[in-house]
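Heads up: the structure comes next, in structure tokens.
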Amino acid sequence: MTFEVQHTDPNSNARAGIIHTDHGVIETPIFMPVGTVASVKSVHQRELKDDVKAQIILGNTYHLYLRPGIDTLERAGGLHKFNGWDKPILTDSGGFQVFSLSENRKLKEEGATFRSHIDGSKHLFTPENVVDIQRTIGADIIMAFDECTPGTADYQYAKKSMELTHRWLERGLKHFDETESKYGYSQTFFPIVQGCVYPDLRKQSAEFIASQNRDGNAIGGLAVGEPTEKMYEMIEVVNEILPKDKPRYLMGVGTPINILEGIERGVDMFDCVMPTRNGRNGMLFTRNGIMNMKNEKWKNDFSPLDESGTSYVDFAYSKAYLRHLFISKEFLAMQIASIHNLAFYLALVTEAREHIQLGDFANWKKGMMEQLGRRL
RNA sequence: GGGCAGUUACCAAAGUGGCCAACUGGGGCUGACUGUAACUCAGCUGUCUUUCGACUUCGGAGGUUCGAAUCCUUCACUGCCCA
């Protein structure tokens, strides 16, 4: 994998770049739809490519390991062949599940013991076997196994947690370097910065991660309960240190506003479940603000779903129709909303990229932020 | 014509003398959701009030009682069974 910064915004840290992988290029800044269990929920691959215009999607190590299992993925010839997505894939390591399934896991120096949320069976994830699993899944970008520290953690816990993540990183990297891709294309490994909301820890972590000299670096442990301002502050601290010639991936973020703030601070890659999950729950993101499609006010609004939208669904369906589908619990509601939201997210980062190239990103962002904050 | 059962808020359905503005579902309204255990979750859903609280309700009318959705009388309507 290689990365090239093509343009840098004169008035901020925003940059436009391009990532080359064996499954094609990714133009940054980019938003990556989340496809946890080998599927971006309720969206076909064709819609993902042609309508949403996704360039890379995520998968999840924990979920894919439990089901369908690595044996099946290996027989399939890797995730790309299994789910029919021939563009780049990034897999999260299961570090987020260490956080979100905290009631069902135990952390040890060796790794994390999990109880499957599916059948209760016990499993051990280590920095090494998580690399092996991701080798088998065959993602283009694989993530380090970390502990995603809650945003509310106290300093002592955050420090201990970060140090454990660092030790795990060294083990993971060593194992990664000693193993090879299984399917003939190259894989790259991103380490993850932790350190919670504490600037000195973030700084220390960023320095440690930068010193590993990998093809790309990730910022984790944000948007997990801390105030949004703290998140922005941490991004600034970290990006001051992470190398400028490597892509920076802000994990799990976020709202459209979060993404613009991240781009302005030099982040290149984002992923988040919001466009799909919130979409399934009836929320639409548009450049003019958010809409709750279950609200009564759309009942007789037959105007296009989103006149400022770029997706097929934005003009194929009306607000009133989508509301009806949600109220009636029709599957199509979730499909339309997910496609719209993902297309909006992708259009947003594409537009950001264009304005970085034009050199007026900061100005464009200012206007966009005002619109995005509205509730429709 | 006779017998039995029933009539509770938008719908369904508990409650059978005070703890009842009334359980619970559904429906409705509003909100939440950030590296997906999420087609999920939370609040509200008689009227007025920001809260406290006040007021009006359980088919209609009348009665018993300190007190009634709950007991009695009667009327209306619905369902089932027998002729």
Side-chain angles (χ1 to χ4, degrees), chain A residues 31-43 56-64 66-67 90-105 114-120 130 134 139 141-151 165 190-194 218-228 231-232 235 249-259 261-262 267 269-285 290-299 323 325-338 341 345 375:
Chain A
F31 178 80
M32 309 181 282
V34 178
T36 306
V37 292
S39 129
V40 175
K41 293 187 193 301
S42 88
V43 184
I56 170 172
I57 62 173
L58 297 211
N60 185 279
T61 303
Y62 167 81
H63 292 274
L64 293 171
L66 289 180
R67 203 161 52 190
L90 179 152
T91 40
D92 184 32
S93 62
F96 185 74
Q97 280 64 42
V98 172
F99 160 77
S100 67
L101 305 176
S102 58
E103 283 166 29
N104 293 323
R105 59 87 169 139
F114 283 95
R115 255 181 208 291
S116 159
H117 69 278
I118 297 168
D119 63 6
V130 161
Q134 293 184 95
I141 299 172
I142 78 179
M143 300 304 299
F145 188 55
D146 65 339
E147 183 190 1
C148 180
T149 320
T165 288
F190 280 21
I192 304 170
V193 174
Q194 287 291 341
I219 307 166
L222 290 176
V224 283
E226 80 287 1
T228 309
M231 171 168 83
Y232 297 148
I235 296 169
Y249 164 30
L250 178 57
M251 305 183 75
V253 175
T255 65
I257 287 174
N258 292 159
I259 287 172
E261 295 288 3
V267 176
M269 304 163 73
F270 302 86
D271 79 282
C272 191
V273 304
M274 268 196 156
T276 42
R277 178 190 290 165
N278 290 26
R280 288 196 305 282
N281 292 332
M283 180 194 250
L284 253 53
F285 295 93
I290 57 168
M291 296 193 273
N292 181 348
M293 293 316 297
K294 292 177 185 169
N295 284 179
E296 193 177 26
K297 61 179 163 188
W298 310 120
K299 192 170 188 175
R323 175 181 192 272
L325 294 177
F326 268 112
I327 296 297
S328 308
K329 301 191 190 334
E330 282 293 318
F331 297 138
L332 186 57
M334 295 184 289
Q335 296 180 33
I336 292 171
S338 298
N341 279 346
Y345 266 62
R375 173 177 287 279

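Order of the sequence lines fixes the chain letters, A, B, ..., with proteins taken first and strands second; residue numbering starts at 1 for each chain.
- When the P atom is used for both B:rC19 and B:rC58, the distance is 16 Å, rounded to whole Å.
- Judged by Watson-Crick or G-U wobble contacts below 3.5 Å, the nucleotide B:rA13 has no partner.
- Summarising the base pairing, B:rU40 is matched to B:rA32 through a Watson-Crick or G-U wobble pair whose two defining distances lie under 3.5 Å.
- For B:rU65, there is no paired nucleotide, since no Watson-Crick or G-U wobble pair has both relevant distances below 3.5 Å.
- Nucleotide B:rA76: paired with B:rU7 (Watson-Crick or G-U wobble, both distances less than 3.5 Å).
- With hydrogens and angles disregarded, no donor-acceptor distance shorter than 3.5 Å links the side chain of A:Asn104 to the backbone of A:Phe114.
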In sequence, state the C-alpha distance, the side-chain angles, and the governing distance for A:Arg105 and A:Phe99, and then conclude on side-chain contact (heavy atoms from CB on, under 4.5 Å). CA-CA 9 Å; A:Arg105 59 87 169 139; A:Phe99 160 77; 5.9 Å; no
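- Within 4.0 Å (heavy atoms only), A:Glu226 reaches no atom of the nucleic acid at all.
- Taking atom C1' in both B:rC11 and B:rC66, the straight-line distance is 38 Å, to the nearest Å.
- No engagement by A:Gly35 is indicated, since no non-hydrogen atom pair under 4.0 Å with the nucleic acid exists.
- Using N1 to N3 plus N6-O4 or O6-N4 for Watson-Crick, or N1-O2 and O6-N3 for G-U wobble, each under 3.5 Å, B:rA83 pairs with nothing.
- Nearer to the 5' terminus of RNA chain B, by closest-nucleotide assignment, is the contact made by A:Gly254 (compared with the other of A:Gly254 and A:Ile118).
- Remark: the separation of the C1' atoms in B:rG46 and B:rA9 is 7 Å, to the nearest Å.
- Comparing B:rC33 with B:rG43, their C1' atoms sit 15 Å apart, to the nearest whole Å.
- Distance check on atom P: B:rA12 versus B:rC4 gives 26 Å, rounded to whole Å.
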Could you go through A:Arg67 and A:Ile118, starting from their C-alpha distance and side-chain angles, then the distance that decides it, and tell me whether this counts as side-chain contact (heavy atoms from CB on, under 4.5 Å)? CA-CA 9 Å; A:Arg67 203 161 52 190; A:Ile118 297 168; 3.6 Å; yes
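- Contact annotation: side chain of A:Asn60 to base of B:rG35, donor-acceptor pair absent below 3.5 Å.
- Checking side-chain atoms of A:Asn258 against main-chain N and O of A:Thr255 turns up a donor-acceptor pair under 3.5 Å.
- Between the C1' atoms of B:rU50 and B:rU56, the separation comes to 22 Å (whole Å).
- Counting any heavy atom pair closer than 4.0 Å across all strands shown, A:Thr276 reaches a base atom.
- Side-chain atoms of A:Thr61 and A:Ser93 include no donor-acceptor pair closer than 3.5 Å.
- Checked against the 6.0 Å centroid criterion, the rings of A:Phe31 and A:Phe270 do not qualify as a close aromatic pair.
- Listed pair A:Gln97 / B:rG35 fails the phosphate criterion, with no side-chain N or O lying under 4.0 Å from OP1 or OP2.
- Of the residues near RNA chain B, A:Met334 and A:Gly252, the one whose nearest nucleotide (by heavy atom distance) lies more toward the 5' end is A:Gly252.
- Put simply, A:Ser100 has a side-chain N or O that comes within less than 4.0 Å of OP1 or OP2 on B:rA37.
- The nucleotide B:rU56 finds no pairing partner, because no Watson-Crick or G-U wobble arrangement with both distances shorter than 3.5 Å includes it.
- Screening A:Ile57, A:Leu90, A:Asp92, A:Val273 against A:Val34 for a side-chain contact (heavy atoms from CB on, under 4.5 Å) leaves a single residue, A:Val273.
- For the C1' atoms, the distance from B:rA13 to B:rG26 is 10 Å, rounded to whole Å.
- The residue A:Leu58 sits close only to the backbone: its heavy atoms come under 4.0 Å of sugar-phosphate atoms, none of a base.
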Can you give one letter per nucleotide of nucleotides 26-33 of chain B, 5' to 3': B if a protein heavy atom sits under 4.0 Å from the base, S if only from the sugar-phosphate, - if neither? -SSSSSBB
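- Taking atom C1' in both B:rU73 and B:rA54, one finds a spacing of 34 Å when rounded to whole Å.
- Checked against the 6.0 Å centroid criterion, the rings of A:His63 and A:Phe96 do not qualify as a close aromatic pair.
- Annotation: ring pair (Phe, Tyr, Trp, His ring centres under 6.0 Å) contacts of A:Tyr249 (sequence neighbours excluded): none.
- Across all strands, A:Phe99 comes closer than 4.0 Å to no nucleic acid atom at all (heavy-atom distances).
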